[in-house]
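A short worksheet on the structure shown next.
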Amino acid sequence: MDWIKSIFPESNVLLLYRCGSKAFGTDNENSDNDYIAVIDNFKGMTYIKDEDNECFVYDLETWKKKITFDDSISEYHEVFNFDEILTFDTAVIYADDAIKPLLEKLKKNYLNYYDKWVKRVADYFDFFIGMGGLNKNFYHLLRFRTIVGNYTKSGSFSLDLGDRKAHILDYKNGNREPFRKEINEALKYFKKEASL
């Protein structure tokens, strides 16, 4: 939190939480520290980085729009919302008392946003997969497909990838070409779900 305060000395941190691979359980020895910060005396959103840390910074109203899938916010900022909400219990480093009721409401009602999340996943990955390459970031699509599959079976969401974790990390860390069919099938699934 000191790092954020040093960059925004006139602002107070209202909310700070971990995100990214360390929060979502897919990190390796090369993973950096990813954060989301909500601060006052600031307008909009920005991205900051140093040698070991990356942070998306939002003002409170913009973050509220992001976390509730407001159409004015791009898919890039919303595609990981489910991950973030599901890890609030372990990932939140600091939350101002005024923010805590909203966090609890989001944790309790996150399924209300399921349809919007599915659409964001479909739109976000459709754009990049349409370019033809196999980006490292596409491992999230495999991860999301596993999470939804587990939800279909159990009736509850969890980021636990079970026996699929090693397979997904093979894509993230290795030769991606053998995964092309699986990537395309996962995208097809989300596009179909988004159209229902």
Side-chain angles (χ1 to χ4, degrees), residues 17-28 31 34 36 45 47 54 56 58 62-88 91 105-196:
Y17 58 92
R18 288 187 177 277
C19 61
S21 58
K22 287 189 177 179
F24 308 154
T26 54
D27 55 309
N28 60 31
S31 298
D34 298 298
I36 288 181
M45 62 183 92
Y47 170 78
E54 297 182 45
F56 290 93
Y58 301 88
T62 303
W63 179 80
K64 284 180 181 177
K65 288 179 180 179
K66 167 206 143 33
I67 205 68
T68 58
F69 297 92
D70 188 281
D71 290 338
S72 67
I73 306 296
S74 75
E75 294 94 358
Y76 176 77
H77 289 274
E78 295 180 333
V79 72
F80 299 108
N81 281 356
F82 258 62
D83 294 315
E84 293 170 23
I85 294 168
L86 290 171
T87 58
F88 279 162
K105 182 178 179 183
L106 287 164
K107 288 190 293 184
K108 183 178 178 183
N109 299 312
Y110 70 94
L111 281 177
N112 293 344
Y113 302 107
Y114 177 76
D115 291 342
K116 286 190 174 186
W117 175 68
V118 166
K119 176 114 173 52
R120 297 307 192 270
V121 170
D123 290 346
Y124 177 81
F125 287 103
D126 189 38
F127 175 80
F128 289 103
I129 289 172
M131 294 177 163
L134 288 172
N135 295 344
K136 174 183 171 183
N137 197 32
F138 294 174
Y139 87 90
H140 289 293
L141 184 59
L142 301 178
R143 191 170 64 81
F144 292 155
R145 181 64 186 97
T146 300
I147 290 168
V148 171
N150 292 342
Y151 167 68
T152 302
K153 293 175 189 173
S154 69
S156 63
F157 269 100
S158 168
L159 298 186
D160 183 7
L161 301 173
D163 58 4
R164 293 266 306 153
K165 181 174 179 177
H167 176 72
I168 291 167
L169 291 180
D170 280 346
Y171 175 89
K172 179 182 179 183
N173 301 319
N175 178 16
R176 298 181 187 125
E177 190 58 39
F179 290 83
R180 186 177 292 275
K181 181 179 178 184
E182 187 179 353
I183 290 284
N184 288 331
E185 287 174 352
L187 176 60
K188 184 178 178 181
Y189 172 86
F190 278 101
K191 288 173 75 173
K192 181 180 178 183
E193 287 292 297
S195 69
L196 295 178

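As a basis for the values below, the full set of heavy atoms in this structure was taken, side chains included, without hydrogen atoms, waters or symmetry mates. Just so you know, these numbers come straight off a predicted model, no measurement behind them.
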* Minimal non-hydrogen separation, I85 against L106, with atom names -> CG2-O, 3.6 Å

* Structure fact -> W63 and Y58 have their tightest heavy-atom pair at CB-CB, 3.7 Å

* Structure fact -> Heavy-atom closest pair (K66 atom, I73 atom, distance to 0.1 Å) is N-CG1, 3.9 Å

* To do: Give a yes or no on whether K22 atom NZ has more than 12 heavy-atom contacts from other residues, nucleotides or ligands under 6.0 Å away.
  => yes

* **Distance flag, aromatic centroids of F88 and Y17, threshold under 6.0 Å** => yes

* Of R164, R176, K188, which is the lone residue that meets salt bridge (charged side-chain N to carboxylate O under 4.0 Å, His left out) with E182? -> R164

* Counting N and O atoms only, with roles assigned by atom type, does the side chain of K165 sit under 3.5 Å from a partner on the main chain of G25, one being a donor and the other an acceptor? -> yes

* Compare all side-chain heavy atoms of F179 with those of L134 and state whether any distance is below 4.5 angstrom. => no

* Quick one: pull up CZ in F138 and CD1 in I183 and give me the separation to the nearest 0.5 Å. => 7.0 Å

* Is the ring centre of H140 less than 6.0 Å from the ring centre of F80? -> yes

* Structure fact -> Nearest heavy-atom approach of L141 to L187 is CD2-N, 3.8 Å

* Nearest atoms (heavy-atom pairs only) where Y171 meets N135 -> OH-O, 2.6 Å

* To do: Please check if the side chain of D123 supplies one atom and the backbone of D126 the other of a donor-acceptor pair under 3.5 Å.
  => no

* Does the side chain to side chain contact (heavy atoms under 4.5 Å, CB included) test come out yes or no for Y76 and F56, once each step is laid out? -> CA-CA 11 Å; Y76 176 77; F56 290 93; 3.4 Å; yes

* F125 side, atom CZ; F190 side, atom CZ - distance, nearest 0.5 Å -> 8.5 Å

* For the student: nearest non-hydrogen atoms of R120 and D71, plus distance -> NH2-OD1, 2.9 Å

* To do: Measure the spacing between CZ of R143 and OG1 of T26 and express it to the nearest 0.5 Å.
  => 5.5 Å

* Asked: Going by the angle between their ring planes, with limits at 30° and 60°, are F157 and Y151 parallel, tilted or perpendicular?
  -> parallel

* How many angstroms lie between atom CD1 of I147 and atom CG of L161, to the nearest 0.5 angstrom? -> 6.0 Å

* To do: Assess R145 against Y189: is NZ or CZ under 6.0 Å from the centre of the six-membered ring, and within 45 degrees of the ring's axis?
  => yes

* When rounded to the nearest 0.5 angstrom, what distance separates CZ in F82 from OH in Y113? -> 10.0 Å

* **Close aromatic pair by centroid cut-off 6.0 Å: Y110 and W117** => no

* Spacing of K172 atom NZ and Y139 atom OH [to the nearest 0.5 Å] -> 3.5 Å

